[in-house]
Amino acid sequence: MTHLDISVVIGFRDWGANRLNLAVKSIQNSFGNLAGEVILVDYGSSDPTVAIEIAESFQLKLAQVTDAPVWSRSRALNAGFALAAGDLYVSTDADMLFAPKTLETVYRWWRSSGDSAMFLQCRDLPENVTIGDLASQQIDWQYLESVSALRPRWGVGGMMAISQIAYRQMRGLDERMTTYGREDMDFALRARRMGLRMVWVEEKSARIYHMWHPPTSVGLKNDINATRSVNINRKIYSEDATVSRNRTLWLHSEEAPLPIVSIVFNNGLKANRDLIQMLRLQTVSSFEIIVPEHFASDFVSLPDSRIRLCPSSDGSLASLLDSCRGRYVLPLSGIKVVAQNYLEKMLDQMGGMTRLVIAGGLHGASEKSDTLLSDANRILRGCMFERTVFAAVVKQFEQERTLTQDSFVAIAEKNCLGYAIANGAHFLDGDVSAGAYDSEISMGSVIDSDLFWPFLVPPDSEISVQVAGENIQLLDGVPLEGDLTISTVSIDGKNFYSDSMLRNATVEDLLTLFSYGCNFTRVDMRNNVEVSPALGQGWAIDALKRIVDCIQWTPYSAIFVDRCIDDHETGTLDTTCYSSVIQRNHNESHEDLKVFLPRDKQESDLVFNSLRSSVKFVLLGITQGASR
């Protein structure tokens, strides 16, 4: 296979053929002497032949994603990079023109800048520079320079470049982000947290121009689902400080992506299935389990491809390091069980200058130990290291004669290792049976059974969960030992959320939910009685709250009417009142309602009086209750 210097990915959906032709041609002409490739990703276009014809014309790689109910630039770009082979990954859009030698210049800057992420400031072309003009004649680059306006650096420009290695460690763009907004800024911020320099290429031989089109935000302004997505994107960008994403489900990954964490056992599990099962139930699923080959018998009955048996020269933790592929290493030898969100809480603290995270939620540890090795294991286990520093720190630590938590921290500081304490990361140490719950142990501590659910639970409790996720309908007909009730709510024809329930579940059932990309939250059931009541005041009012959160204004009232009303009945309303159709599907039954959101009393009276015979109930204000 020919070595490639650079891979450029363009993601699009229902984009004009002429504009896309111009973008692709300009990119190929900007490679200069580089060996480069352009990858097109058609993410759900209504006419797939456009992408096929352009890919054939320019001899491009093409990824077509047909099952794409919503646009996601993150997912589209990830689908392209899954096919990429270059040393440098470049993302851009279908409305960008690259001046000759632009990417050759960017690549040269990248090679001379060390570990860096590269950005290029975009220049906006005016409306009178049309696609037809650009396509019908030789492009006058000097003219485009003179009439374009330099876009401010409030974002990250129209081009972003990062090494293949860094992209894989960061696990691509965050696929929770859909529609538009913040996905590129989030990716750039994560690159900086990983330690990369942010470099803006400033050289006359590197120019990109944005071809004018009406703002995308205009078409999305009144789309409740789009508004919701934009708000989610903003929240992820502002609140999620982690570096590696798509930690549970990565839809458009490369084949066999690298794990985030390598979990290391330098001794056997002694049939401790609870720990392995809880690891398989982690809210973060991107990990591998590394075990010395001579403990193979402990893992024969555990069918999980993430468990890898590896050679170990002396049984030490350091001897297993060469087998680890994760960015982070986590020794867990001797731990009884971990909380379901253990990896998530540890990773929340990792990134930037922090290269070591110490779990703060230790339960049941003993002050006494018989051997030097057991002390070393006791203090090391539960700590997550960046892999590049793991071997040096562990080797030095195992040579220390005074093995205390303070000496461990001192060694970390001696190695200039920034560390953090993850107080929310809980694990259970010591010889405690899996059937124990809320019981005192040797140190006088109390085990909180909620932390280690579904293992340390009261005997009169059943495992029941509320199920959510985009793929919940795929569970219909899947064999489960528990009892699954599928109940979803849609708004304007799109599934919005789920209050489906799985009762009397087994751990294997929960693993099945994960395999279908579904999440779950615990519902406390004791003696067949639901301890925690369902949230909200009914599915319709719960849906209304979600609608109001998305439209970001508070209506005067909410009027719910029977969906079976005739179209001509609503057509007589002389109002532009906002409305949405909501539907609840519960097993084989369904409920349909239409909700009107008047802005004032006059509009509210008009809607109510016009549809009085079909009105189901009226909600006056979000918190004032409902009157029938």
Side-chain angles (χ1 to χ4, degrees), residues 6-32 34 36-64 71 73 76-77 80 84 86 89-107 119-151 155-161 180 184 201 204-216 219:
I6 190 168
S7 296
V8 182
V9 174
I10 301 175
F12 65 92
R13 182 189 187 103
D14 289 323
W15 214 232
N18 290 335
R19 185 182 283 109
L20 188 55
N21 265 306
L22 286 167
V24 171
K25 184 177 180 180
S26 71
I27 290 171
Q28 288 187 330
N29 289 337
S30 75
F31 285 144
L34 298 177
E37 65 176 352
V38 180
I39 302 170
L40 285 186
V41 183
D42 180 359
Y43 201 80
S45 291
S46 56
D47 182 6
T49 61
V50 174
I52 294 173
E53 291 173 356
I54 292 176
E56 290 177 349
S57 175
F58 289 96
Q59 296 184 319
L60 311 177
K61 288 182 181 177
L62 173 63
Q64 287 192 297
W71 163 252
R73 186 170 182 267
L77 291 176
Y89 283 3
V90 176
S91 64
T92 189
D93 296 319
D95 53 10
M96 291 293 173
L97 276 178
F98 283 65
K101 295 190 177 182
T102 292
L103 288 174
E104 185 178 42
T105 302
V106 169
Y107 185 85
F119 306 94
L120 192 55
Q121 202 165 3
C122 171
R123 286 163 164 77
D124 290 312
L125 295 175
E127 184 176 358
N128 62 356
V129 178
T130 68
I131 301 301
D133 292 339
L134 292 169
S136 63
Q137 55 192 0
Q138 187 76 16
I139 295 178
D140 186 341
W141 297 103
Q142 289 186 347
Y143 173 73
L144 297 188
E145 179 85 2
S146 66
V147 300
S148 60
L150 191 62
R151 185 179 296 182
V156 292
M159 184 225 74
M160 183 166 55
Y180 282 98
D184 50 356
V201 179
K204 287 186 177 181
S205 61
R207 292 285 190 266
I208 55 175
Y209 300 92
H210 176 252
M211 294 177 273
W212 186 91
H213 59 81
T216 307

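Count residues from 1 along the sequence. Basis for what follows: all heavy atoms, side chains included, without hydrogens, waters or symmetry-related copies.
L22 is not listed as a side-chain neighbour of N18, based on a closest heavy-atom distance of 4.5 Å or more. By the 4.5 Å heavy-atom criterion applied to side chains, W15 and D93 are not counted as neighbours. Side-chain contact between R123 and L144 is absent, with no heavy atoms from C-beta onward closer than 4.5 Å. Within the 4.5 Å cutoff, the side chain of L77 has no heavy atoms near those of the V41 side chain. Between F119 and V201, the closest side-chain pair of non-hydrogen atoms is not below 4.5 Å. Between E145 and R207 the shortest side-chain heavy-atom distance falls below 4.5 Å. A 4.5 Å side-chain heavy-atom check between H210 and M96 finds at least one atom pair inside the cut-off. Put simply, the side chain of F58 does not reach to within 4.5 Å of the side chain of V38, judged on heavy atoms.
When all heavy atoms are compared, the tightest approach of S91 to R73 is OG-NH2, 4.4 Å. Of all the heavy atoms in F98 and W141, the pair that sits closest is O-CH2, 3.3 Å. When all heavy atoms of S7 and G86 are compared, the pair lying nearest together is OG-N, 2.8 Å. Nearest heavy atom pair, residue L62 against residue A55, reads CB-CB, 3.9 Å. L34 and L103 make their closest contact through CD1-O, 3.6 Å (heavy atoms, listed as atom of the first residue, atom of the second, distance). The two residues L40 and A51 come nearest to each other via the heavy atoms CD1-O, 4.3 Å.
A donor-acceptor pair under 3.5 Å is absent between the side-chain atoms of E37 and the main chain of K61, judged by distance alone. Remark: side-chain polar atoms of R151 are not paired, donor with acceptor, to backbone N or O of D124 under 3.5 angstrom. Not a single donor-acceptor pair under 3.5 Å links the side chain of T92 to the backbone N or O of I10. Here the side chain of S30 pairs a donor or acceptor atom with the backbone of I27 at under 3.5 angstrom.
Rounding to the nearest 0.5 Å places CG of D133 at 13.0 Å from CE of M211. Here the straight-line distance linking atom CG of L120 with atom OG1 of T105 works out to 9.0 Å at 0.5 Å rounding. Here the OG atom belonging to S57 is positioned 13.5 Å from the CD1 atom belonging to I52, to the nearest 0.5 angstrom. Distance check: W212 CH2 to E127 CD gives 3.5 Å after rounding to the nearest 0.5 Å. Atom CG in N29 sits 12.0 Å away from atom CD in E104 (nearest 0.5 Å).
Side-chain polar atoms of D47 and S45 form no donor-acceptor pair below 3.5 angstrom.
Within a 6.0 Å radius of CD in Q137, other residues, nucleotides and ligands contribute more than 12 heavy atoms.
For the pair R19 and D95, the salt-bridge criterion is not met [side-chain N within less than 4.0 Å of a carboxylate O].
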Step-by-step side chain to side chain contact (heavy atoms under 4.5 Å, CB included) determination, F31 to V8
CA-CA 10 Å; F31 285 144; V8 182; 3.9 Å; yes

